[in-house]
Amino acid sequence: MSEFFLTVIILLAAALTLFLAAGWRQRTAHQGDRDRLNTAFYQQRLRELTRDEEEGVVGERDDMVRELQHTLLADVPDHDAVNARPTHRWVLLPGALVLVVLSVGMYLHVGGLTQFASWSSVQNAYPALRARLMDPHAQPLSMEELARLQLGLRSALQDTPRDLNGWTMLGRLGMVLNNATLASQAFERALQLSPNNEALQQDYAEVLTRSSDPQDNRQASVVLKALAARDPHDLRTLGLLAYNAFTLQQYAEAIATWQRMLTALPPGDKRITLIERSIEQAKADAGEQTRPLALSVRLAPQAEKMLPSGGVLYISVSDGVSPVPVAVKRLPLSHFPLSLTLDDSNTMMPDRLLSAQHQVQVRARISRDGSANPQSGDWFGVSAVTPWDGQQPLAVEINQQQP
């Protein structure tokens, strides 16, 4: 920053020098130009008088010459007298002050001093931030520090445009910071330096897959299919390819790719459950999976004696882990035992379909006033958490009373 301000001071001093020199020189030049003009006018008039006398036009030439001489003496003062008068060049000082004030004021208004100071601070902190990122034993960087690191890295890459590791790091920082534009541009620059780098191609394809632009998704499909052709067993490539196909609503391709992954994963791998759920979701979105839940509801004898008139029966299904229901059904109170079915039309959220669940827990509640929220005195029943494959029916008994 000191070099920057030194440059600013030098430029401002040069501007002041030019301003003062121009004002000084303009006054001297103006006085000399006027004197030369008056003298030239005097010589011209003398020549005209001589010519007029020769032609007999005038007869009192000497009187006219003396008059011209008096006029010249009045118009061209003695040099000593001129030099004796004060030049008052100090009047240039207010102009110089205005120049300085306007220059500094305009820079503070539009020059981005705050941004420059922030950038300079980032540049100073960049080496330490990068060292912390590369040190596995150092404290992890916060999101704010990662943002400052990427700014410093972008500035550094202006001086080292062929730094492959730098562009790769910048792309991955863009992914972490959820800046898809920065990430894709950085990976494109990295791939220009190393076009056959498979890890870079996967990173680039992942950014395109995450994009909300269908054109980016289609471009990712081209990249991923080329990678899968080279190495059909790479799990990361297959996972990205399946997700990208799902994003493009190519459900058959997504399901087939996930099933290929299932055959390649070892038994007990934690990814198996997630992939199975993704397959069920894809089948449901494709209309291939309905898996209705067949349910029977019974009343305990003590509850049957206290049935309210005009009550409402609420059935909710959860996955047994989250208290948030996967599906809910509301029915008017009728005779028991009651048989009913629930399917994806009763689902609460599109991304948590009933047909995609592998275990369920059912809760049945009789609301006396029709309220969706449990009230004191309501009768309810809860089933056990039961593995579910979409085939077996479930049963629940209403046998408890809300305190």
Side-chain angles (χ1 to χ4, degrees), residues 1-14 103-213 216 219-220 223-224 227 234-237 239-240 243 270-271:
M1 183 177 288
S2 58
E3 296 178 356
F4 171 78
F5 283 118
L6 180 61
T7 303
V8 170
I9 292 172
I10 292 174
L11 291 174
L12 189 57
S103 300
V104 174
M106 288 296 294
Y107 174 74
L108 291 177
H109 182 63
V110 301
L113 180 61
T114 303
Q115 293 84 345
F116 176 80
S118 176
W119 174 82
S120 181
S121 173
V122 168
Q123 289 297 100
N124 293 333
Y126 166 67
L129 290 173
R130 181 161 184 167
R132 276 181 57 191
L133 181 69
M134 303 303 294
D135 185 356
H137 304 292
Q139 182 180 359
L141 298 180
S142 64
M143 293 301 291
E144 180 182 354
E145 289 173 326
L146 287 173
R148 298 181 67 193
L149 174 63
Q150 67 88 16
L151 178 59
L153 180 56
R154 288 174 65 182
S155 300
L157 286 170
Q158 300 300 315
D159 299 325
T160 57
R162 300 192 62 79
D163 182 2
L164 175 61
N165 292 331
W167 288 114
T168 302
M169 181 185 294
L170 183 62
R172 289 172 180 165
L173 283 171
M175 295 175 68
V176 173
L177 296 170
N178 199 29
N179 189 334
T181 301
L182 172 65
S184 61
Q185 291 176 351
F187 285 134
E188 286 171 0
R189 292 294 298 270
L191 285 170
Q192 291 175 4
L193 300 174
S194 181
N196 297 319
N197 189 311
E198 183 175 329
L200 277 177
Q201 290 177 341
Q202 289 174 332
D203 289 338
Y204 181 51
E206 183 174 350
V207 174
L208 296 176
T209 297
R210 291 184 185 182
S211 172
S212 58
D213 186 348
D216 289 343
Q219 185 179 350
V223 175
L224 291 168
L227 287 171
D234 188 283
L235 291 177
R236 186 184 180 195
T237 298
L240 289 171
Y243 182 77
K270 295 180 179 179
R271 290 171 287 183

| Residues which pass salt bridge (charged side-chain N to carboxylate O under 4.0 Å, His left out) with E188, listed by chain and number, not counting sequence neighbours | none
| message | Please give me the minimum heavy-atom distance between A199 and R172, naming the atom from each residue. | response | CB-NH2, 4.4 Å
| said: If you compare all heavy atoms of S211 against all heavy atoms of D216, which two are closest, and at what distance to 0.1 Å? | reply: OG-OD2, 2.8 Å
| Taking atom CG of N178 as the centre, does the number of heavy atoms from other residues, nucleotides or ligands within less than 6.0 Å exceed 12? | no
| task | Write down the atom of N124, the atom of P127, and the distance for their closest heavy-atom approach. | result | O-CD, 3.6 Å
| query | How many angstroms lie between atom CD of Q202 and atom CG of L224, to the nearest 0.5 angstrom? | reply | 8.0 Å
| Which residues satisfy the side chain to side chain contact (heavy atoms under 4.5 Å, CB included) test with N165, sequence neighbours excluded? | D163
| task | Would you please name every residue forming a side chain to side chain contact (heavy atoms under 4.5 Å, CB included) with A186, sequence neighbours left out? | result | W167, L170
| message | Assess the residue pair M169 and M134 against the criterion (side chain to side chain contact (heavy atoms under 4.5 Å, CB included)); give the C-alpha distance rounded to whole Å, side-chain angles, the decisive distance to 0.1 Å, and a yes or no. | response | CA-CA 11 Å; M169 181 185 294; M134 303 303 294; 3.6 Å; yes
| Among D234, L235, L240, which residue meets the side-chain contact (heavy atoms from CB on, under 4.5 Å) test with T237? | D234
| said: Between R148 and E144 (salt bridge meaning N to carboxylate O under 4.0 Å), is one present in this structure? | reply: no
| task | Indicate the atoms forming the closest heavy-atom contact of A183 with V207, along with that distance. | result | CB-CG2, 3.8 Å
| request: Show the numbers, then the answer: is there a side chain to side chain contact (heavy atoms under 4.5 Å, CB included) between N197 and Q201? | output: CA-CA 6 Å; N197 189 311; Q201 290 177 341; 5.9 Å; no
| task | Ignoring hydrogens and angles, tell me if any N or O in the side chain of S194 forms a donor-acceptor pair with the backbone of L191 under 3.5 Å. | result | no
| message | Among residues at least two apart in sequence or on other chains, which ones pass salt bridge (charged side-chain N to carboxylate O under 4.0 Å, His left out) with R132? | response | E145
| task | Kindly compute the distance separating CD (Q192) from CG (L164), expressed to the nearest 0.5 Å. | result | 11.5 Å
| note | P161 and L193 have their tightest heavy-atom pair at O-CD1, 4.1 Å
| query | Just by distance, with hydrogens left out, do N179 and Q150 show a side-chain donor and acceptor under 3.5 Å apart? | reply | no
| said: As an exercise, state the distance from CG of L208 to CZ of R210, rounded to the nearest 0.5 Å. | reply: 11.5 Å
| When rounded to the nearest 0.5 angstrom, what distance separates CG in L133 from CG in L173? | 6.5 Å
| message | Run the side chain to side chain contact (heavy atoms under 4.5 Å, CB included) test against A128 and tell me which residues pass, sequence neighbours left out. | response | none
| said: Between E206 and A220 (side chain of the first, backbone of the second, donor and acceptor by atom type, cut-off under 3.5 Å), is there such a pair? | reply: no
| request: Give a yes or no on this: more than 12 heavy atoms of other residues, nucleotides or ligands lie within 6.0 Å of atom OH of Y204. | output: yes
| field | Those residues that, when tested against Y126, pass side chain to side chain contact (heavy atoms under 4.5 Å, CB included) (two or more places apart) | value | R130, L149, L153, A156
| said: Nearest 0.5 Å, please: how far is OG1 in T168 from CG in L200? | reply: 4.0 Å
